[in-house]
Amino acid sequence: MSFLNIENVNKHYFDVEVLKSINIEINKGDFLVLVGPSGCGKSTLLNMIAGLDEISGGDISIDGQSMAGVHPSKRDIAMVFQSYALYPNMSVAKNISFGLEMRKVPKVERDKAVQKVAKMLQMEQLLDRKPSQLSGGQRQRVAMGRALVREPRVFLFDEPLSNLDAKLRVDMRTEIKQLHQRLGATIVYVTHDQIEAMTLATKIAVMNAGIVQQFGSPEEIYDNPVNTFVAGFMGSPSMNLIQAKVCKVEDKLCFEVATADQDRPLLLPIERDQQALVSYLNRNVTLGLRPETITDPGSANRSEGQIHEADLMVKVTEPTGADMFVVTQLGGTEVVARMRSRCGALAGQSCRFAFDVSRNLAFDGDTGDRIQ
């Protein structure tokens, strides 16, 4: 039986439906990330798990117990907010132990718990300071410590890293990952940052417009997106979504894609989902290509993939250090390829591109649903 079960949950404010039939199940120790654009309903769902917002329909249960009518203080959950929500007049130690004090935990046990958490988060030297004397990352550690000290059944994180700078976000992301590995805690984490989602999660729920578009492991979400929204949202850079036509060349199914040279379309052999794509012959589809499946010939993985090469005009090059993003145009849209930093690609010149056609995905041109 699942540890956290969200069953057919709905939420509406007057006539506005914010969440629509949400169904998610995770096991004890899972790290669930709710990811999606602003306004998709992920924070609303988190607040309903916490009991801070009422459910309009459906049910949420934790460890087999329905949370219907259960006060937030009785749910045995701990929440870490985006704004830290620390008491400015209290020391770090007092902030961490305050919840235990309210629960009448003896002082000796409180002090022992605070020291244990402080050591875990490497902030023993900060215990006597006030929040105003801390950096953003240190304040976030205190907020996490306040949640950890209670040892709840479920931890809830509401975009905890959004106020931090880029370098600190990466560092804190690593700390949260290590923390989960050490504790084996059950965590529900809200973010709009898909890199955070891919890095931290054991399970991801991709949300849009109040609907869970796809629920699964990070690998499932990344490699087998169910529609163009998930495909375009997950990944950095995101998946290239290109208009193409399914055609047959010498009895071989191919994707026909327009290039900058109008007289010479790109023909990419179809190597996966062939049976499903037969019914799309001579019809338009949306072709999905991850940037890493398009590279320079010297970097192509010929032992595992099926490589098709073509010469295309380079529009822009974007060096990133170890890699170079090379932009060309296909199907009337800009397409990003990931190549070696010294591949020799130059803007305004033709370059040899290598496509791993074994990893091409296709989506229905009208509905955006995956064809497979």
Engineer: Determine whether L161 and D193 satisfy the following criterion, side-chain contact (heavy atoms from CB on, under 4.5 Å), listing intermediate values before the conclusion.
Structural biologist: CA-CA 10 Å; L161 309 184; D193 186 330; over 6 Å; no
Engineer: Of all the heavy-atom pairs spanning L156 and A50, show the shortest one and how long it is.
Structural biologist: CD1-CB, 3.5 Å
Engineer: Indicate yes or no: at least one non-hydrogen side-chain atom of P37 is less than 4.5 angstrom from one of N208.
Structural biologist: yes
Engineer: From the options D323, T317, T295, select the one residue that forms a side chain to side chain contact (heavy atoms under 4.5 Å, CB included) with M339.
Structural biologist: T295
Engineer: Kindly say whether Q213 contributes a backbone atom to a donor-acceptor pair with the side chain of N227 at under 3.5 angstrom?
Structural biologist: no
Engineer: Which heavy-atom pair separates P218 from I204 by the least distance, and what is that distance?
Structural biologist: CA-CD1, 3.9 Å
Engineer: Does the side chain of P160 reach to within under 4.5 Å of the side chain of Y189, using non-hydrogen atoms?
Structural biologist: yes
Engineer: Is the side chain of E220 donor-acceptor paired with the backbone N or O of S217 at a distance under 3.5 Å, no angle test?
Structural biologist: yes
Engineer: Should the pair E151-R103 be classified as a salt bridge under the 4.0 Å nitrogen-to-oxygen rule?
Structural biologist: no
Engineer: So does K177 have more than 12 non-hydrogen atoms from other groups sitting under 6.0 Å from NZ?
Structural biologist: yes
Engineer: Does one side chain, of S303 or N301, offer a donor that lies under 3.5 Å from an acceptor on the other?
Structural biologist: yes
Engineer: Looking at R302, I want to see if its CZ is surrounded by more than 12 non-hydrogen atoms of other residues, nucleotides or ligands under 6.0 Å.
Structural biologist: yes
Engineer: Restricting to non-hydrogen atoms, name the atom on V149 and the atom on R146 that form the minimum distance, rounded to 0.1 Å.
Structural biologist: CG1-O, 3.3 Å
Engineer: Do the side chains of L361 and Y222 join up, straight or via other hydrophobic residues, at under 4.5 Å, putting them in one cluster?
Structural biologist: no
Engineer: Is it true that a side-chain atom of H12 and a backbone atom of K20 form a donor plus acceptor pair closer than 3.5 Å?
Structural biologist: no
Engineer: How are the rings of F233 and F229 set relative to one another: parallel (under 30°), tilted (30 to 60°) or perpendicular (over 60°)?
Structural biologist: parallel
Engineer: Once you round to the nearest 0.5 Å, how far does CD1 of I26 lie from CZ of F3?
Structural biologist: 8.5 Å
Engineer: Is the shortest heavy-atom distance from the side chain of L200 to the side chain of I187 under 4.5 Å?
Structural biologist: no
Engineer: For residues P72 and I77, report the shortest heavy-atom separation together with the two atoms involved.
Structural biologist: O-CG1, 4.5 Å
Engineer: If Ile, Leu, Val, Met, Phe, Trp and Tyr residues are connected whenever their side-chain heavy atoms lie under 4.5 Å apart, and connections chain through other members, are M144 and F155 in the same group?
Structural biologist: yes
Engineer: A side-chain contact here means heavy atoms from C-beta on lying under 4.5 Å apart; do L281 and L253 qualify?
Structural biologist: yes
Engineer: Let me confirm one number: the NZ-CG distance from K104 to L100, rounded to the nearest 0.5 Å.
Structural biologist: 13.0 Å
Engineer: Got a donor-acceptor contact below 3.5 angstrom from the Q194 side chain to the G235 backbone?
Structural biologist: yes
Engineer: In this structure, would M67 and V190 fall into the same cluster of hydrophobic residues linked by side-chain contacts under 4.5 Å?
Structural biologist: yes
Engineer: Check whether more than 12 heavy atoms from other residues, nucleotides or ligands sit under 6.0 Å from atom CD of Q275, and answer yes or no.
Structural biologist: no
Engineer: Salt-bridge test for E271 and K252: reply yes if a basic N is under 4.0 Å from a carboxylate O, no otherwise.
Structural biologist: yes
Engineer: For N10 and S21, indicate whether the former's side chain and the latter's backbone hold a donor-acceptor pair under 3.5 Å.
Structural biologist: yes
Engineer: Could you state the interatomic distance from CD1 (I49) to CD1 (I55), rounded to the nearest 0.5 Å?
Structural biologist: 9.0 Å
Engineer: Any non-hydrogen side-chain atom of I221 less than 4.5 Å from a side-chain atom of V230?
Structural biologist: yes
Engineer: Over all heavy atoms of both residues, which pair between H308 and V357 is shortest? Give the atoms and the distance, please.
Structural biologist: CB-CG1, 3.9 Å
Engineer: Under the criterion side-chain hydrogen bond (donor to acceptor under 3.5 Å, both in side chains), which of T286, D273, D364 is the partner of R370?
Structural biologist: D273
Engineer: Applying the 4.5 Å side-chain criterion to the ILVMFWY set and letting contacts propagate, would V188 and V70 be lumped into a single cluster?
Structural biologist: yes
Engineer: Between CG of L19 and CG of D53, what distance do you get to the nearest 0.5 Å?
Structural biologist: 9.0 Å
Engineer: side-chain contact (heavy atoms from CB on, under 4.5 Å), that's the test. Do L148 and L183 meet it? Break it down for me.
Structural biologist: CA-CA 10 Å; L148 289 168; L183 297 176; 3.2 Å; yes
Engineer: Any donor and acceptor pair, going by atom type alone, linking the side chain of N95 with main-chain N or O of M90 inside 3.5 Å?
Structural biologist: yes
Engineer: Hey, does the Lys NZ or Arg CZ of K94 hover above the aromatic six-ring of F98, less than 6.0 Å from the centre and inside 45° of the axis?
Structural biologist: no
Engineer: Side chains of L168 and Q140: does their closest heavy-atom pair fall under 4.5 Å?
Structural biologist: no
Engineer: How far does NZ of K28 sit from CG of L4, to the nearest 0.5 angstrom?
Structural biologist: 13.0 Å
Engineer: So, does S350 use its side chain to make a donor-acceptor pair with the main chain of M313 at under 3.5 Å?
Structural biologist: no
Engineer: Can you tell me how far CZ of R173 sits from CD of E196, rounded to the nearest 0.5 angstrom?
Structural biologist: 6.0 Å
Engineer: Between S66 and D59, is any side-chain donor less than 3.5 angstrom from a side-chain acceptor?
Structural biologist: yes
Engineer: E17 side chain to G210 main-chain N or O, any donor-acceptor pair under 3.5 Å?
Structural biologist: no
Engineer: Taking only residues two or more places apart in sequence or in another chain, which ones pass salt bridge (Lys or Arg N to Asp or Glu O under 4.0 Å) with D171?
Structural biologist: K167
Engineer: May I ask you to test the F353-L266 pair for a side-chain heavy-atom distance under 4.5 Å?
Structural biologist: no
Engineer: Check the pair R352, D311 against side-chain contact (heavy atoms from CB on, under 4.5 Å), reporting the backbone distance first and the verdict last.
Structural biologist: CA-CA 4 Å; R352 192 77 168 169; D311 292 313; 3.0 Å; yes
Engineer: Ignoring hydrogens, what is the shortest heavy-atom contact between R153 and R75? Give both atom names and the distance.
Structural biologist: NH2-O, 3.2 Å
Engineer: With a 4.5 Å heavy-atom cut-off, do E292 and S299 have their side chains touching?
Structural biologist: no
Engineer: Evaluate the side-chain contact (heavy atoms from CB on, under 4.5 Å) criterion for residues D356 and R290: first the C-alpha distance (whole Å), next the side-chain angles of each, then the deciding distance (0.1 Å), finally the verdict.
Structural biologist: CA-CA 10 Å; D356 183 355; R290 291 283 182 200; over 6 Å; no
Engineer: Distance-only criterion, 3.5 Å: show the donor-acceptor pairs between side-chain atoms of residues 237-250 and protein atoms not counting sequence neighbours.
Structural biologist:
unit_1	atom_1	unit_2	atom_2	d
N240	OD1	V336	N	2.9
N240	ND2	L289	O	3.1
N240	ND2	V336	O	2.9

Engineer: Show me the donor-acceptor pairs within less than 3.5 Å that the side chains of residues 117-137 make with the rest of the protein, sequence neighbours left out.
Structural biologist:
unit_1	atom_1	unit_2	atom_2	d
Q133	OE1	K130	N	2.8
S135	OG	Q138	N	3.3
S135	OG	Q138	OE1	3.4

Engineer: Are V285 and F363 joined in one hydrophobic group, where the rule is that I, L, V, M, F, W and Y side chains link up if heavy atoms are under 4.5 Å apart?
Structural biologist: no
